[in-house]
Amino acid sequence: MDRVNVITTNGAASNYIKKIIEEDLREGRVAEVVTRFPPEPNGYLHIGHAKSICLNFDLANEFGGRTHLRFDDTNPLKEDEEYARAIEEDVRWLGYAWDRLCYASDYYEEMFERAKLLIRKGLAYVCELSGEEIRATRGTLTEPGTPSPFRNRSAEENLDQFERMRCGEFADGAKVLRAKIDMASPNINLRDPILYRIAHAPHYRAKNAWCIYPMYDYAHPLEDAIEGVTHSICTLEFEDHRPLYDWVIRACEMPTVPHQYEFARLNMTNTVMSKRNLKALVEQGVVDGWDDPRMPTIAGLRRKGYTPGAIRTFAREVGVAKSNSMVDERMLEYFVREDLKLVAPRTMAVLRPLRVVILNYPEGQLEWLEAENNSENPELGVRQIPFGREIWIEQDDFMENPPPKYFRLTPGQEVRLKHAYFIRCEKVIYDAAGKVSEVHCTYDPETKSGSGFTGRKVKGTIHWVCAREARAATFQLFEPIYLTESENGGDDGERLLNPNSLTQWIGYIEAQMVKENAASTYQFFRHGYFHEDSMLSTWSHPVFNRVVSLKSSYEVL
RNA sequence: UGGGGAGUCGCCAAGUGGUAAGGCAACGGACUUUGACUCCGUCAUUCGUAGGUUCGAUCCCUACCUCCCCAGCCA
């Protein structure tokens, strides 16, 4: 569904990467900007990835360049076709079209050849130390590592060993290919990093063609260079991998030289942003799946009812910098309200119904009232809504003993029914438990909406649904998955699940709404924006997810 | 106590020698058939701290403090 992006940003904000690109173009260092979004297909994309997607695609777009969607699939143990396809869908849904769809696994052969070049140049060797031994000899943050006893094997022997690794002669973990850089480097990434490891595991894409797989630090720069990527943008934690990135490009004699730039990943209040954590929620059945509306995944946000435009605007407005940050989720909410404001029809829904009988309205009578679909956007037209003797109003909209400044229906206070009449409470009916079960009112025919009645004013206007014509529906309201915010919004540490992350109410919507309107996202008066759930909603019983509430200086629900 | 980064309003974030943009949030007020929207107004004499250079420093120098990342055959 296409949505109008009503947010206009006056001149896309600048950021330090954009400035570098501008200078690279001006100085002729690059002829064209080529970026890439390089997810590993080992989980679903989340809002943090959306920031990266927008950054990469927007940057290339702005300078007439190109962007590749590239699956960084170098670990057969974690990757899956399902994830790759879901990622494609998410990127497309966000509104971006990649210039090329690439796979790191398509470059395995060239990577292997380049590795042999490294060996011939004396820049890589096959090491037979065990995992524990490698760790033990790597040194610590303050002490240098010690060289592997295999460090000075001849190129011939290394070549032979490496070929045999590929042929499957050795077991997992028996040997690795290592770069020969500097075991005493203060940058641990440079202490003879592992380039290839053995894994006798089928790859979701390369199947059984390989039993050795390149490591990220070796594969990623080559992928970028092979594709002609000019600006390789990644997150902060890769900052000290950059020297290795540059080393690989140079040592492997790649004809094109990409450069890596880092920015701070997105963190948001009240949510978790690590695939590990999200995956656990899915696998433990805490949520419905990767697309559960409570998930910060793109699929989850989509199912909840977020618009691509809102996410894109959010990603742009949040900015690009190098300091760790924690963005207030209310910023995201603001942008989706903005995006939906003029396009979502505004209708009435009662989430927690309370029956109101209008004593002086003729029994059996039904009249049709005209209601505009969006008072701020006349293009959405008008609809007719039924009004009768019995209606549903929100339980919260009636109080027998109201606090001060309560503008809704009370035994002494007249209110306006949106699009209809003023009503006045005459009598309160209780159930056996002493709870209010029904409110009896009278209405004033002269106050009909649109009649121009100015005889008296009411402070409050409440929404309602005609009981005879109402249609039952379920409303899903969401809260954060976790109860408390961890110290810095990180994903570690035990956090308590919020038992109220999902609450459902069964209430009523305007019956005509479902038939007549193609829209699946509405603003329910005084409640917020709701989107029909793609998995749970049926023709006979619609289910709506609250995308976001309306801002309120008074707690409605 | 190695290396790499970062510290500007409650949250993001511009500015990088000429005297603190913008957005979110918040708070007033107007308007209101959504306690919404809209509108109008308020919201950093101050840029982690302390010195120094300068006519002038958030921007330069020095020292210090705080936070984040790195010792996966993960990415």
Side-chain angles (χ1 to χ4, degrees), chain A residues 9-10 13-15 38-40 42 72 74-75 77-78 127 129-131 134-136 138-145 172-178 185-191 193-199 212-213 215-217 219-220 234-243 262 264 266 268-269 275-276 314 317-335 337-338 341-342 346 348 371-372 375-376 405-408 415-420 422 447 449-450 458-463 488 490 523-528 549-556:
Chain A
T9 47
N10 25 334
S14 193
N15 62 63
E40 182 187 19
N42 67 346
D72 198 7
T74 57
N75 186 348
L77 272 13
K78 294 189 174 174
C127 179
L129 254 26
S130 68
I134 286 179
R135 193 184 329 119
R138 188 151 29 217
T140 67
L141 293 179
T142 52
E143 300 160 319
D172 290 4
K175 312 188 179 200
V176 291
L177 182 72
R178 287 229 254 174
S185 173
N187 182 343
I188 293 175
N189 296 121
L190 264 19
R191 318 238 262 231
I194 292 169
L195 268 24
Y196 271 93
R197 78 284 214 182
I198 298 170
I212 59 171
Y213 293 90
M215 300 285 290
Y216 170 87
D217 283 318
H220 208 87
C234 62
T235 43
L236 253 28
E237 67 269 28
F238 293 104
E239 221 154 4
D240 49 19
H241 291 236
R242 195 182 337 123
E262 309 84 14
L266 174 71
M268 219 164 47
T269 57
K275 278 191 199 170
R276 194 198 104 260
F314 169 73
E317 294 300 307
V318 121
V320 178
K322 296 186 73 166
S323 61
N324 295 107
S325 58
M326 174 67 66
V327 175
D328 193 325
E329 64 175 340
R330 288 176 297 183
M331 198 162 161
L332 212 210
E333 295 179 343
Y334 168 81
F335 288 114
R337 284 192 197 101
E338 276 301 290
K341 187 166 62 188
L342 298 182
R346 301 174 183 182
M348 298 193 282
E372 53 202 348
S375 55
E376 291 182 83
K405 298 250 183 92
Y406 182 83
F407 303 149
R408 287 108 97 144
V415 294
R416 179 195 299 278
L417 293 176
K418 178 75 182 173
H419 292 139
F422 287 10
T447 59
S449 175
V458 287
K459 192 74 176 144
T461 296
I462 64 175
H463 59 276
N488 55 19
Q523 181 197 114
F524 289 152
F525 264 98
R526 303 204 300 139
H527 280 302
S549 67
L550 253 27
K551 262 183 74 166
S552 173
S553 48
Y554 192 95
E555 274 303 303
V556 175

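The basis for the numbers below is simple: all heavy atoms, side chains too, and nothing from hydrogens, waters or symmetry mates. Sequence lines set the chain letters: A, B, ... in the order given, protein chains first and strands last, and positions in each chain run from 1. These numbers come from a predicted model, not from an experiment.
Heavy atoms of Ser325(A) sit under 4.0 angstrom from primed sugar atoms or phosphate atoms, though from no base atom. Within 4.0 Å (heavy atoms only), Ser130(A) reaches at least one base atom of the nucleic acid. Note on Arg135(A): only backbone sugar-phosphate atoms sit closer than 4.0 angstrom, heavy atoms only; bases stay farther off. Among the atoms of the strands shown, none is found under 4.0 Å from any heavy atom of Phe422(A). Nucleic acid contact class of Tyr196(A) (heavy atoms, under 4.0 Å, all strands): none. No engagement by Leu266(A) is indicated, since no non-hydrogen atom pair under 4.0 Å with the nucleic acid exists. Across all strands, Ile134(A) comes closer than 4.0 Å to base atoms (heavy-atom distances). At the heavy-atom level, Gln523(A) lies under 4.0 Å from base atoms of the strands shown. Counting non-hydrogen atoms under 4.0 angstrom, Val320(A) reaches the backbone sugars and phosphates but no base. Contact annotation for Val318(A): backbone-only contact, meaning every heavy-atom pair under 4.0 Å involves sugar-phosphate atoms and none involves a base. Nucleic acid contact for Gly450(A): base, since at least one base atom lies under 4.0 Å from a heavy atom of the residue.
Distance from the side chain of Arg138(A) is smallest to C73(B) among G2(B), C73(B), C37(B). Closest to the side chain of Leu141(A), out of A6(B), G35(B), G2(B), is G2(B). Across A71(B), A75(B), A13(B), the shortest atom-to-atom separation from the side chain of Glu40(A) is found for A75(B). Closest to the Phe407(A) side chain, of the nucleotides A75(B), G35(B), A14(B), is G35(B). Closest contact between the side chain of Asp240(A) and the listed nucleotides C69(B), A71(B), A14(B) involves C69(B). Here A36(B) is the nucleotide among G4(B), A36(B), U38(B) with the atom lying nearest to any side-chain atom of Lys551(A). Between C74(B), C37(B), A71(B), one nucleotide has an atom nearer to the side chain of Asn75(A) than all others, and that is C74(B). The side chain of Asn189(A) has C70(B) as its nearest neighbour among C74(B), C70(B), A13(B). When each of C11(B), A36(B), G23(B) is scored by its nearest atom to the side-chain atoms of Met326(A), the top-ranked nucleotide is C11(B).
Projected onto RNA chain B by closest heavy-atom contact, Pro38(A) and Glu239(A) fall at different nucleotides, the more 5' of which corresponds to Glu239(A). Along RNA chain B, the nucleotide nearest Ser449(A) and the nucleotide nearest Ile194(A) are compared for position; the residue whose nucleotide lies closer to the 5' end is Ser449(A).
Using atom C1' as the reference point in both A21(B) and C60(B), the two lie 23 Å apart (nearest Å). A distance of about 8 Å separates the C1' atoms of C43(B) and C27(B), rounded to the whole Å. Atom name P, nucleotides U45(B) and U58(B): the rounded distance is 13 Å, in whole Å.
With rounding to whole Å, Leu417(A) atom CG is found 10 Å from U33(B) atom C1'. If you measure from atom NE2 of His241(A) to atom P of C74(B), you get 13 Å, rounded to the nearest angstrom. Note: CG (Asp72(A)) to C1' (C74(B)) measures 11 Å, nearest angstrom. As a whole-Å value, the separation of Asn324(A) CG from C69(B) P is 7 Å. For Lys459(A) and A36(B), the NZ to C1' distance is 14 Å, given to the nearest whole Å. Per the geometry, CD belonging to Glu372(A) stands 13 Å off C1' belonging to C37(B), to the nearest Å. Going from atom CZ of Arg330(A) over to atom P of C27(B) covers 10 Å, rounded to whole Å.
With Ser549(A) contributing its side chain and His527(A) its backbone, the two residues share no donor-acceptor pair below 3.5 Å.
Listed by chain and residue number, nothing satisfies the side chain to side chain donor-acceptor pair (under 3.5 Å) test with Asn75(A) (two or more places apart in sequence, or in another chain).
Taking syn as a glycosidic angle within 90° of 0, G72(B) qualifies as syn.
Between the side chains of Glu143(A) and Thr140(A), at least one donor N or O sits under 3.5 Å from an acceptor N or O.
Using a 5.5 Å limit on the distance between ring centres and a 30° limit on the angle between planes, the aromatic ring of Tyr554(A) counts as stacked on the six-membered base ring of G35(B).
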Exercise for review: Give the C-alpha distance, both sets of side-chain angles, the deciding distance and a yes or no for ring-ring contact (aromatic ring centres under 6.0 Å, His included) between Tyr216(A) and Phe238(A).
Suggested key: CA-CA 11 Å; Tyr216(A) 170 87; Phe238(A) 293 104; 4.9 Å; yes

